[in-house]
Protein chains: 2
Amino acid sequence: MISIDLTAATPLVEQIEQQIRQALAAGELLPGEPLPPVRQLAGDLGVNLNTVARAYRALEAQGLVVAQRGRGTVVAPRGSRKPNKATSNALGVAMDQVLSDARLKGFREAAIRQIFEASLARFWQRG
Amino acid sequence: MISIDLTAATPLVEQIEQQIRQALAAGELLPGEPLPPVRQLAGDLGVNLNTVARAYRALEAQGLVVAQRGRGTVVAPRGSRKPNKATSNALGVAMDQVLSDARLKGFREAAIRQIFEASLARFWQRG
DNA sequence: ACTATAAGTATCATTGTATGATACTTAAAG
DNA sequence: CTTTAAGTATCATACAATGATACTTATAGT
């Protein structure tokens, strides 16, 4: 289930998008499976339907879902995307971001490793 | 040295802030050491001085630097911050973010580990 | 066939954030 | 004690995020 935080700095569209991405990565949503209609999810979250629609469209632009008028939005089949040098660099940048932050906040190496392993298990165990 | 990307989605203030944070975390800037004056850095980056000033103030709010009128901005002494449950959770969320993204982009577990170790070395080797 | 309903989409208004231009204040140097 | 160099405050503007509303397309029921 998705939960949004109106006080958070990250835009609502991104919050929704990211959480669905995590559900996809974790294998909680399988190819062909329908996402909730924009109006329903918007109602559940107390948000404008456009906000959800925009999240869906962002996901569609990434090839993760397929949306069609009148029919709904479903999870796309798993395209076999292969990471290139650029995406690898981007990942490194994002990781640096997280770890430098952790360092300044006083985390020890062991604690970081633990968090890393936990997260890794979430997305690579099954799926 | 700092480099900014005018086309990137992340605001200039954050780009500057994050890169200085990484320099601090990597031990490239030591306590007491001065940061460049806002006008100079702003000039180098081709950016308004307020943009740099705001980044500095954000860093000051985090206790990482100390700014004083007429004198300049210097790196703050290392406060011994201890991570609590909330910060640990936040770190987990950030890590999930990065790893779920990597998963969807087709990275394999081994590749992730490599990137993680490289980043870890950047911020925990020395310092 | 035809209508009703349910789905995504497009358009416009509004609000807030990011950035910049300019002026102000404080401290050090000559 | 004036000049210069530093951070700070104020205001203006452009763009992004969200919402209100209307539109289009597909399916279900009759």
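Atom set for the values below is all heavy atoms of this structure, side chains included, hydrogens, waters and symmetry mates excluded. Keep in mind that this is a model prediction, so the values were computed, not measured. Labels below follow one simple rule: chain letters A, B, ... track the order of the sequence lines, proteins then strands, and each chain is numbered from 1.
Residue B/Leu12 contributes atom CG, which lies 17 Å from atom P of C/dT17 at whole-angstrom precision. Atom pair B/Leu6:CG and C/dT19:P shows a separation of 10 Å (rounding to whole Å applied). Residue B/Glu17 contributes atom CD, which lies 14 Å from atom C1' of C/dA18 at whole-angstrom precision. Atom CG in B/Leu59 sits about 16 Å away from atom C1' in D/dT8, given to the nearest Å. A/Leu41 places its CG atom 14 Å from the P atom of D/dT18, with the value rounded to the nearest Å. Put simply, CZ on A/Arg57 is 14 Å from P on D/dA17, counting in whole angstrom units. The nearest whole Å value for the distance from the CD atom in B/Glu14 to the P atom in D/dA16 is 15 Å. Going from atom CG of A/Asp5 over to atom C1' of D/dT18 covers 16 Å, rounded to whole Å.
Distance from the side chain of A/Asn48 is smallest for D/dA20 among the nucleotides D/dA20, C/dT9, C/dA18. Closest to the A/Pro11 side chain, of the nucleotides D/dA17, D/dG19, D/dT25, is D/dA17. Of the candidates C/dG8, D/dA9, D/dG7, C/dG8 carries the atom nearest the A/Arg39 side chain, counting heavy atoms from C-beta on. The nucleotide whose nearest atom lies closest to any side-chain atom of A/Tyr56 is, among C/dG8, C/dG20, D/dT8, C/dG8. The side chain of B/Asn50 lies closest to C/dA21 when the candidates are C/dG8, C/dA21, C/dG20. Here the nucleotide nearest the side chain of B/Val13, chosen from D/dG19, D/dA17, C/dT19, is C/dT19.
Between B/Arg113 and B/Glu117 no salt bridge is recorded (no basic side-chain N to carboxylate O distance below 4.0 Å). The pair A/Glu17-A/Arg21 counts as a salt bridge, with a side-chain nitrogen and a carboxylate oxygen less than 4.0 angstrom apart.
B/Arg54 contributes a side-chain N or O that forms a donor-acceptor pair with the base of C/dG20 under 3.5 Å.
For C/dA7, neither phosphate oxygen OP1 nor OP2 lies less than 4.0 angstrom from any side-chain nitrogen or oxygen of A/Thr73. Neither OP1 nor OP2 of D/dT27 sits under 4.0 Å from any side-chain N or O of A/Arg69. At D/dT27, one or more side-chain N or O atoms of A/Arg71 fall inside 4.0 Å of OP1 or OP2 (strictly under the cut-off). Side-chain nitrogen and oxygen atoms of B/Thr51 include none within less than 4.0 Å of the OP1 or OP2 phosphate oxygen of C/dT19.
Of the possible polar contacts, none joining the B/Arg39 side chain to the B/Pro37 backbone as a donor-acceptor pair under 3.5 Å is found. Not a single donor-acceptor pair under 3.5 Å links the side chain of B/Glu14 to the backbone N or O of B/Pro11. A/Asn50 places no side-chain N or O within donor-acceptor distance of the main-chain N or O of A/Ala53, the cut-off being under 3.5 Å.
You'll find the side chain of B/Arg122 stays beyond 4.5 Å of the side chain of A/Leu99, heavy atoms only.
Comparing B/Gln40 and A/Gly46 by the nucleotide of DNA chain D whose heavy atom lies nearest to each, the residue mapping closer to the 5' end is B/Gln40.
At a threshold of 4.0 angstrom between heavy atoms, the contacts of B/Leu49 include nucleobase atoms, whether or not backbone atoms are also involved.
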